[in-house]
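Please read the structure below before turning to the comments.
Below, read A as the first sequence line, B as the second, and so on, with proteins coming before strands; counting in each chain starts at 1.
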Protein chains: 2
Amino acid sequence: MNKPASSDGTVGKALETLDMVAELGRPVRFTELLAMSPHPKATLYRLLQTLTNQGMLAYDEARQTYSPGLRLVRLAHFAWRQSSLAPIARPHLDALAAAVGETVHLAQMDRGQVLYVDKRNAVDPIEMFSQAGKVGPGYCTGVGKAIMAHLEGEARQNAINQQAFFRHTNTTLTTTEALEAELDEIRSEGVAFDREEHEPGIICIAAPILTEGGRVLGALSVTTSTSRQSLEQLSDLRPKVQSTAIKIAETAEVWQFPT
Amino acid sequence: MNKPASSDGTVGKALETLDMVAELGRPVRFTELLAMSPHPKATLYRLLQTLTNQGMLAYDEARQTYSPGLRLVRLAHFAWRQSSLAPIARPHLDALAAAVGETVHLAQMDRGQVLYVDKRNAVDPIEMFSQAGKVGPGYCTGVGKAIMAHLEGEARQNAINQQAFFRHTNTTLTTTEALEAELDEIRSEGVAFDREEHEPGIICIAAPILTEGGRVLGALSVTTSTSRQSLEQLSDLRPKVQSTAIKIAETAEVWQFPT
DNA sequence: GGAAATGGTTTCATTATTTGAAACATATGT
DNA sequence: ACATATGTTTCAAATAATGAAACCATTTCC
């Protein structure tokens, strides 16, 4: 009886494998996967075959490499429409972006990481390179902290435990204690700031999107660089950011968005 | 020994179930799924549990409903970047859209259906998975026919066999014979037209994206309405559409896009 | 040219997971 | 309280997954 980290039978293993391929972000050969996989050759081979049959992976005959398959794009379309805040938040994000003229992000939490579900880029007519679907760390982004600050009890501990606490810059919070203190602060403050904790020169203000009952659905942020605005200037945007968050929450409530 | 359509063991069943939930496009209750599922109660129950654990489905406690989960969005991000033509085609689509001032679609084939992987809308800018990830029929869209026309032998028959041949309008092709004749025509012509076959008043011109070796990677189209342009006017765009298709193919070749 | 290595695929007896009818819970309505 | 609809758990039987090893096909090295 051995415990392979965490998995739901064969399906779990298959999906873990799919993740491995996807997160590499480039075509991979069988052998390379074998090296990082916990499974023996034959098992991995069949997992990959199954995933390929199913269109979850694409196999390039010529190069003998695997990549994530297009079936995922199709499935994600539905997920994005139904389970993300993006469709609901759209007009509000548009308005906010127009008003502040800076980059605006909309994010939700997915297994301890921040998942960006929509974005407005002030200047260029959209960096269409799929920002939706990108993931980022929770402990050193404005949206991540804003969301975590409003998680309760177990969910919060869970999220905190999943953080990597890698020191990206010298302001990055690198301990659970520091993060917890910051989250309490954010909770009472109502907004979160990213003080160059993820990337030097990049700062943001973020507000949680909270339901009537206090459940956190996601967060949104306005991001800028220290060369353009100071933290103080950013914090002047608080009313706009918060009211946008509230409007999104209200719209979600009307639409009966699942929590 | 019974043959449940087509499946790869447990993983196949799980993914089929995931598809079912996703394609309904709205939250579903257990019982509703049970009705359409080939599996007994307990089996379906556990499949759903597994998928939920894995983040492929989201379960709304309050409403007791399942929806596609956000993990899909995250996975699809990678799929879209790696396995779709969209990143490669981006500048070319931009240019074409600017030149023609009409809606431009980029599509690939996924299991007999047209999968739109990018879009330019003359007016409003795009949101990621709202357009990308959408699927449409193959037999009555310009892109669908353009792609199928350049599939060879078995692949082509396969694609044809997967068509539903539902009569959307009175110009819709509703038999394999009619479609095959049309595909031959398209192949020799080089471009495909949608003559209001899918929606009344909507017409388009589409060109296949072909590799050096004649393999079809996808197709792109310019869509308009009969109130704005006639078929004849649309066909004047042929040079622009075709040269864009060629440029995309060349870029794909340089980038070693997997076929 | 031949040997060895590399990378991918298949076999098959063993083992573990999945299965599903039925019993059990837990609401929701009468 | 009763009935009904819906969701969850049990457990022996059926099935599918496993993985060591053999196999096949290329490429690389001597």
Legend entry - A/L47 CG - D/dG19 P separation (whole Å): 10 Å
Inset, instruction - Write down the distance between NZ (A/K13) and C1' (C/dT15), rounded to a whole number of angstrom. - result: 11 Å
Inset, instruction - Using atom CG of A/D8 as one end and atom P of D/dA17 as the other, report the distance to the nearest whole Å. - result: 15 Å
Legend entry - Pairwise side-chain contact, B/V73 with A/S84, heavy-atom cut-off 4.5 Å (strictly under): no
Legend entry - Derivation of the side chain to side chain donor-acceptor pair (under 3.5 Å) call for A/Q157 and A/E180: CA-CA 9 Å; A/Q157 278 314 314; A/E180 279 175 353; 3.1 Å; yes
Inset, instruction - Return the nearest nucleotide to the side chain of B/P40; candidates are C/dG20, D/dA17, C/dT19. - result: C/dG20
Inset, instruction - For C/dT17, take OP1 and OP2 only and decide whether either is under 4.0 Å from a side-chain N or O of A/T10. - result: no
Inset, instruction - Quickly work out the B/H39 NE2 to D/dA16 P distance and round it to whole Å. - result: 12 Å
Inset, instruction - Going 5' to 3' through nucleotides 6-11 of chain D, assign each nucleotide B (protein heavy atom under 4.0 Å from a base atom), S (under 4.0 Å only from sugar-phosphate atoms) or - (no protein heavy atom that close). - result: SBBBB-
Inset, instruction - Rounded off to whole Å, could you give me the CG-to-P distance for the A/L44 and D/dT18 pair? - result: 11 Å
Legend entry - Selection residues 9-41 of chain A - residue pairs positive for ring-ring contact (aromatic ring centres under 6.0 Å, His included), sequence neighbours left out: none
Legend entry - Candidate pair B/Q162 and B/R111, rule side chain to side chain donor-acceptor pair (under 3.5 Å), full reasoning: CA-CA 8 Å; B/Q162 290 180 78; B/R111 347 196 97 211; over 6 Å; no
Inset, instruction - Take atom CG of A/L48 and atom P of D/dG19, then tell me their distance rounded to the nearest Å. - result: 15 Å
Legend entry - B/D8 vs A/Q49 side-chain heavy atoms within contact, under 4.5 Å: no
Legend entry - Candidate pair A/R74 and B/D110, rule salt bridge (Lys or Arg N to Asp or Glu O under 4.0 Å), full reasoning: CA-CA 9 Å; A/R74 180 180 174 165; B/D110 177 49; 2.7 Å; yes
